[in-house]
Amino acid sequence: MSRRVLVLLGLSLVLNASPAWTQSEVGRSTVKAQSSRAEETTLSRWLMRLHDAARQRTYVGTFVVSAGDTMSSSRIWHVCDGQQQMERIDALSGVARTTFRHNDRVVTFLPERRVVISETRESFGLFPNLLNRADSSIAQFYRLQVLGRERVAGLASEVVQLVPVDALRFGYKVWTELESGVVVKLQTLDAAQGVLEQAAFSELQLGEPVSMDRLAALMDNTEGYQVHKPELVKTTAAQEGWLFNGQVAGFKPMACHKRVSAGQSEPAANIVQWVFSDGLASVSLFMESFDAARHSKMAAHEPMAMGATHMLTRRLGPWWITAVGEVPPKTLVIFAQGLERKK
């Protein structure tokens, strides 16, 4: 029996399990605890299947992202050999752009400007990698519901919904290709089940031969381009003098970096980015010195939104804070208001 069938069977047992009314309180508590553990195991296994599929499968496809009134499409080539991951993404709409990613190295070509931006960064939530990281605590904040099967891009797919247990995060509806587990469509849902954002392959070829060496050669060919290499220095919030005093259940600090643009060495030019995640959604806090020339026209305001992504700015003495994340506005407010300066 395949792992997919085992997951579905386990979920069915969890969703339909209810203790008999004649059981004692101790019996009901025992069954409830067992059901909770079984549900967490089911969700964790399902998430790990997605996690592994995105990192072990080779594919070529075209996907479309829609958020509000905006829509964009891209062509993606993805290859891996078990240890190394590489992909190329060509923007098919908007500004011409080609992005290569080799593990944590990202190189973006902007042909109209003849500019290349080369940097090292962690990949939080890059479609179609649903997970930011494998983290069993995800099951404490989302519930898994199996909805059935549908066809996406000509492929038979399983449809599930990740329902948040509180109002601090959005829900997700996910379509995965039956055999591989690769995510072929993803919707981000608000509390009323409205679709805030959608990403879906319009066509996808799994197992297509993609040459990692060929992609690497294209990635390194910057002849005729001006190469920019923003410096990203790993640091800690405490070291930079920041403290988060808020409480957002499930969200854990993932990374903290200080970004310095090439040619800028003064402290005022530094921007600190502190990333939090609950395993699916992420929030970034950007801290920089207040610059009247740049920020005076950007007075702190209510959260702005584009699809599932919200942004909130705040002035804190001589500092300018920007909070960005795929979370409800109330969650972003907690993050923005909970940030404190230690020194």
Side-chain angles (χ1 to χ4, degrees), residues 2-12 14-15 39 42-68 70-78 80 87 89 92 123-132 134 138-139 141-164 169-208 278-282 307-309 326:
S2 70
R3 182 164 62 175
R4 177 180 60 80
V5 174
L6 286 173
V7 168
L8 289 176
L9 178 59
L11 179 66
S12 176
V14 170
L15 294 180
E39 186 173 357
T42 298
L43 178 53
S44 296
R45 287 177 178 171
W46 183 83
L47 290 170
M48 283 306 302
R49 184 168 186 257
L50 268 62
H51 187 274
D52 293 341
R55 287 156 176 77
Q56 297 177 4
R57 299 288 176 169
T58 298
Y59 51 82
V60 179
T62 302
F63 66 93
V64 179
V65 179
S66 57
T70 65
M71 181 178 294
S72 62
S73 59
S74 300
R75 184 71 173 168
I76 180 171
W77 293 259
H78 179 92
C80 53
E87 63 188 15
I89 302 176
L92 302 179
S123 56
F124 295 110
L126 292 179
F127 186 84
N129 295 350
L130 178 63
L131 296 180
N132 291 336
I138 294 174
F141 303 101
Y142 297 89
R143 296 290 176 260
L144 186 68
Q145 294 182 354
V146 176
L147 302 182
R149 294 184 180 181
E150 294 180 9
R151 282 169 56 83
V152 176
L155 301 172
S157 305
E158 182 179 77
V159 190
V160 305
Q161 187 165 337
L162 297 174
V163 182
R169 61 209 89 227
F170 292 130
Y172 301 92
K173 191 174 180 181
V174 189
W175 288 253
T176 57
E177 197 273 328
L178 281 179
E179 297 301 322
S180 66
V182 169
V183 177
V184 293
K185 183 176 177 180
L186 170 65
Q187 292 180 342
T188 305
L189 309 175
D190 61 20
Q193 304 300 301
V195 178
L196 296 169
E197 191 169 296
Q198 174 176 291
F201 280 102
S202 59
E203 62 89 17
L204 176 66
Q205 291 89 44
L206 294 168
E208 284 292 296
D278 70 351
L280 294 180
S282 63
T309 302
E326 309 92 11

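Keep in mind it's a predicted model, so treat the numbers as computed, not measured. Worth knowing before you read on, the calculation uses all heavy atoms, side chains too, and leaves out hydrogens, waters and symmetry mates.
- Residues forming a side chain to side chain contact (heavy atoms under 4.5 Å, CB included) with S180 (at least two apart in sequence, or on another chain): R57, E177, V182, L206.
- The minimum heavy-atom distance between S73 and V64, with the atom names listed, is CB-CG2, 4.0 Å.
- Of all the heavy atoms in G171 and P164, the pair that sits closest is CA-CD, 3.5 Å.
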Query raised in the report: Going through the distances and angles, do L43 and L162 end up as a side chain to side chain contact (heavy atoms under 4.5 Å, CB included)?
Result: CA-CA 9 Å; L43 178 53; L162 297 174; 3.6 Å; yes
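- Distance CD1/I138 to CG/L144: 11.5 Å, rounded to 0.5 Å.
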**Report entry** Steps toward side-chain hydrogen bond (donor to acceptor under 3.5 Å, both in side chains) verdict (E208, T58)
**Finding:** CA-CA 6 Å; E208 284 292 296; T58 298; over 6 Å; no
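- Between E179 and R49 the shortest heavy-atom distance is O-NH2, 3.2 Å.
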Requested in this report: Start with the C-alpha gap between V174 and W46, add the side-chain angles, then the distance that decides, and say whether side chain to side chain contact (heavy atoms under 4.5 Å, CB included) holds.
Outcome: CA-CA 11 Å; V174 189; W46 183 83; 3.9 Å; yes
Query raised in the report: Under the side chain to side chain contact (heavy atoms under 4.5 Å, CB included) criterion, do R169 and D278 qualify, and how do the steps go?
Result: CA-CA 9 Å; R169 61 209 89 227; D278 70 351; 3.0 Å; yes
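- With sequence neighbours excluded, the residues forming a side chain to side chain contact (heavy atoms under 4.5 Å, CB included) with V195 are Q187, L189, Q198, listed by chain and number.
- Heavy atoms only, all atoms of each residue included: F201 and A153 are closest at O-CB, 3.4 Å.
- Among residues two or more places apart in sequence or in another chain, the side-chain hydrogen bond (donor to acceptor under 3.5 Å, both in side chains) test is passed with E150 by W175.
- Applying the side-chain hydrogen bond (donor to acceptor under 3.5 Å, both in side chains) criterion to S202, with sequence neighbours excluded, gives no partner residue.
- Listed here is the closest heavy atom pair of Y142 and F170: CE2-O, 3.4 Å.
- With sequence neighbours excluded, no residue forms a side-chain hydrogen bond (donor to acceptor under 3.5 Å, both in side chains) with E197.
- Classified by interplanar angle (parallel below 30°, tilted 30° to 60°, perpendicular above 60°), the ring pair Y59/H78 is parallel.
- Looking at every heavy atom in both residues, L50 comes nearest to T176 through CD1-CG2, 3.6 Å.
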